[in-house]
Amino acid sequence: MEQNEFNEDEFINKYKSFLTNGKTERECCSLIVKTAEKYGFRNINDVKELKAGDKVYVEKWNKAVALFRIGSDDIQTGMNILGAHIDSPRLDVKQNPLYEKDFVVYMNTHYYGGIKKYQWVTLPLAIHGVVCKKDGTIVHVCVGEDPADPVFCISDILPHLAQKQMKETAADFITGESLDVITGSRIPPQSDDGENEKTDENKKPEADLAKKNILTLLKDKYNIEEKDFGSAELEIVPAGTPRDLGFDRSMILAYGQDDRSCAYASFAAMIDSNDNDIVPQRTQVCVCVDKEEIGSVGATGMASHFFENAVAEVVARLGAYSDLTVRRALNNSYMLSSDVNAAYDPQNGDLYDRENASFMGGGIVFNKYTGSRGKSGASDASPEFIAMLRNTLDNAKVRYQMAELGKVDQGGGGTIAYLAAKYGMFVLDAGVSVLSMHAPWEITAKADMIEAYKAYKAFLTMHNS
Ligand code: MN
Ligand code: MN
């Protein structure tokens with residue numbers, strides 16, 4: 001992907017491959033680290049000193065990662081930061097998940113992030129994640145993606161018996177607790193006369209023969225015991241790969257595009273900024289964090305000290321560490337909070353203020369503010385910063401649109417912008433617009449992916465002079 005010969009098809013294919021292989025925050029983090037190393041980024045733990053032009057990454061628990069390319073300016077004058085999140089809505093497997101009920105074996109789940117629960121039934125599902133064993137080994141699990149793999153599924157009631165269900169509200173007719181995934185089944189063995197042997201203890205439902213069979217399979221294949229689920233992190237996601245959408249192939253239908261569309265475009269822009277060997281003036285950063293969908297909490301979310309600590313580690317290796325240097329570096333930074341926006345949905349146009357909505361294919365979306373009910377929870381970007389960005393993007397001939405998420409008081413949402421803004425840096429939400437956001441299969445326009453990439457790349461070299 002040289003700057004002069006940017007190949008759009010190749011970029012889209014790489015994006016689809018990122019979505020295929022990165023269906024959890026861990027998988028995305030691994031992909032980012034692996035690719036970054038290929039492009040000369042070193043783990044900061046292996047680096048003693050840093051100078052202009054050097055490239056390092058800081059990683060936390062394989063769930064959050066920050067890439068730095070050191071600029072020629074003093075880091076105290078600030079960095080240009082692209083920040084995205086790599087977690088997506090999904091179903092998490094509980095710690096005591098397996099149970100058998102009337103000959104069917106289920107895995108109990110607790111949903112993660114904002115989902116419409118009814119969208120998750122009757123879909124092929126895959127299980128991704130890790131099982132950490134007491135002896136320290138980590139078993140990596142990925143079942144349901146290879147065409148030869150089995151998949152998993154949540155059943156729904158047939159229409160013939162759904163009279164009562166169809167009268168309930170969409171919020172209620174599939175409950176969170178009922179989102180349990182079918183993982184096995186058995187038909188009870190028959191006796192010689194062809195009838196079920198009711199007296200045989202082994203043939204009673206409570207004998208849990210099907211569940212025991214599943215546990216044997218898990219032991220054989222992964223060497224895990226039932227109790228090992230207690231120290232596992234298994235995520236259930238839609239099975240399958242991204243597809244081109246439409247006769248004209250103008251769109252992509254895929255799981256996890258909130259926010260991997262922006263995470264990938266940011267990461268690709270960061271990597272490709274190496275195309276020329278010119279050292280950037282301002283230090284360039286791409287940070288991809290976890291837990292945005294549940295409030296940016298935890299040690300790997302943006303509300304943690306992960307990013308601040310990463311900057312401190314960088315400053316220390318530049319040989320000028322002080323608390324004040326770190327604070328100044330953060331305070332004087334520019335950041336694009338690379339997160340998605342709801343694309344205007346022509347079938348539900350009344351939910352949007354059309355003049356202030358983002359359209360699929362209309363370019364990267366600037367959200368001056370997010371939030372809800374009177375901008376509550378928004379960081380509200382400074383117009384001075386937006387003007388700088390307009391200038392940068394116009395000069396780079398990048399298409400962008402100004403929008404907010406929906407009509408006033410219709411709902412709302414948040415991003416990581418306000419968490420970066422607390423350091424005093426300039427932050428603006430800027431990302432790809434998504435149709436059916438948070439659905440198992442989300443829609444984006446390829447054109448927007450390309451504009452986002454170009455915008456992020458132009459932003460990385462933006463400076464005041
Ligand atoms: Mn998001
Ligand atoms: Mn989201």
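For ligands, and for the atoms within them, numbers begin at 1 and follow the listed sequence.
- Between F6 and F11, the distance from one ring center to the other falls under 6.0 angstrom.
- Looking at Y352 and Q410, their side chains never bring a donor and an acceptor atom within 3.5 Å of each other.
- Within the protein, the number of N, O or S atoms lying under 2.8 Å from the Mn ion (ligand 2) is 4.
- At most 12 heavy atoms of other shown residues, nucleotides or ligands fall within 6.0 angstrom of atom NZ in K116.
- Ring pair Y334/F426 is tilted by interplanar angle, where 30° to 60° counts as tilted.
- Ring geometry for Y106 against Y99 counts as parallel: the plane angle stays under 30°, on a 0 to 90° scale with 60° as the upper cut.
- Using cut-offs of 30° and 60° on the angle between ring planes, the pair W120 and Y255 is perpendicular.
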